[in-house]
Amino acid sequence: STPIFWTSDVHILLISDDANWYPDAETRLKAVGCDGVRGTTPTSQPPKISQLQNAEMLLVHLKDGHSIPSWIPSTSSSQLPILMCSKQVPKGPTGLNEGALEVFCWPPTEMELRLRLVHVRDLKRSAELELELRARSIQLESQTRDVFEAWAEASFAHEEAEVANEELKERDADKTHFFRNISHELRTPLTLILSPLESALQRYPHDRDLPVVDKNARRLLHLVNQLLDLQRLSAGHSDLVLVPVDLVRFVQTCSDYILPTCRNKGIELVQSLDGQPLPEHSDRSCVVEGEVDGLEKIIFNLLFNAIKH
């Protein structure tokens, strides 16, 4: 039969006061590709920690379907799901409420057992993916903030270095070294992050968090590339490319990236043209000839200085 889970060595801890129930449970689980492991504690006591370490879930056989042991929580844990069964439950269709514990009738049909195990597997996968995405989102947000702050500080240092010729040379060398190191240090992990993100986007097209993570990861990679461009420009190996730029839409796009930061700090971000506030979707424009990356650096510098001070 086709295994229920990703691996073929999934262990399900079996707990029952009826020794005759174990062989039946092991046979039925084996038929759907799972391995039942007999517990050594009665249903009235929680299982030992040593047994839980290798268990993917618990299958508890109750003598009375209406008497649930006190150690079983009212809601099944996504990290260690719990299924309960009993011969005292009336036979008939039962729901598969997400996260809610229920007692189903034993013995089940192979199809019912397979459906219940698949449901628990999906809940477990969803919880694991959510935890992983949260951790990656926090890490990316921290890296983005650090890069922005480091870039702003480097810009201040460059402006101060222009006052004195000797200081300019020293600080320019430090800046070039800093940009080179941080660009190469960030590009490799960002590339490794984007690759599984693209796979996750294809597998979970309806997940609303994945596009946010992907957008910010690509934004951070774009900033790293900008740092490399700035390094080449400072060394005289790059030319400015002037193109028509609509400042109204350009500033609105840049502002969208810092709106969450403004909300967290209780700052109201207002955009206006000629003293008149601009709506979110405005037909007004202000076209100039400019270098896109250079304008972006200036606008972000001004925005983050305003938030910081």
*What's the verdict on side-chain contact (heavy atoms from CB on, under 4.5 Å) for Ile82 and Leu59, showing C-alpha distance, side-chain angles and the deciding distance?*
CA-CA 6 Å; Ile82 301 176; Leu59 179 57; over 6 Å; no
Taking [X] for the side chain and [Y] for the main chain, is one N or O donor matched with an acceptor at less than 3.5 Å?
X	Y	answer
Thr144	Leu140	yes
Ser142	Ile138	no
Arg38	Ser16	no
Asp17	Pro42	no
Ser137	Leu133	no

Spacing of [X] atom [atom1] and [Y] atom [atom2] [to the nearest 0.5 Å]:
X	Y	atom1	atom2	answer
Leu129	Leu210	CG	CG	6.5 Å
Met57	Leu83	CE	CG	6.0 Å
Lys63	Ser44	NZ	OG	12.0 Å
Thr109	Arg28	OG1	CZ	8.5 Å
Ile267	Leu303	CD1	CG	11.0 Å
Leu58	Ile15	CG	CD1	5.0 Å

*Carboxylate-amine/guanidinium proximity below 4.0 Å for Glu26 and Lys30*: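 Salt bridge: no.
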*Output yes when Glu102 and Arg116 qualify as a salt bridge under the 4.0 Å nitrogen-oxygen rule, no when they do not.*
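Salt bridge: yes.
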_If you count every heavy atom of other residues, nucleotides or ligands that lies below 6.0 Å from Arg219 atom CZ, does the total exceed 12?_
yes
Heavy-atom closest contact ([X] atom, [Y] atom, distance):
X	Y	result
Leu62	Pro69	CD2-CD, 3.6 Å
Leu201	Pro211	CD2-N, 3.8 Å
Leu14	Ala25	CD1-CB, 4.0 Å
Leu13	Pro47	CD2-CB, 3.8 Å

Does any non-hydrogen side-chain atom of [Y] lie less than 4.5 Å from one of [X]?
X	Y	answer
Leu123	Pro81	no
Leu29	Leu113	yes
Glu130	Asp209	no
Met84	Ile72	yes
Asp24	Pro107	yes
Val287	Leu247	no
Val147	Leu220	yes
Glu289	Pro244	yes

In one Ile/Leu/Val/Met/Phe/Trp/Tyr side-chain cluster, 4.5 Å: [X], [Y]:
X	Y	value
Leu52	Trp71	yes
Val251	Leu302	no
Leu197	Val212	no
Ile298	Phe148	no
Val243	Ile299	yes

_Can you tell me how the ring of Trp21 sits relative to the ring of His61, calling it parallel under 30°, perpendicular over 60° and tilted otherwise?_
parallel
_side-chain contact (heavy atoms from CB on, under 4.5 Å) evaluation trace for Trp106 with Ser86_ = CA-CA 5 Å; Trp106 190 274; Ser86 176; over 6 Å; no
_The single option from Gln51, Glu56, His11 passing side-chain contact (heavy atoms from CB on, under 4.5 Å) against Val37_ = His11
*Evaluate side-chain contact (heavy atoms from CB on, under 4.5 Å) for Glu110 paired with Val32, printing each intermediate quantity in order.*
CA-CA 7 Å; Glu110 180 177 335; Val32 295; 3.9 Å; yes
*Trace of the side-chain contact (heavy atoms from CB on, under 4.5 Å) decision for Met111 with Leu115*: CA-CA 6 Å; Met111 179 60 67; Leu115 287 175; 4.2 Å; yes
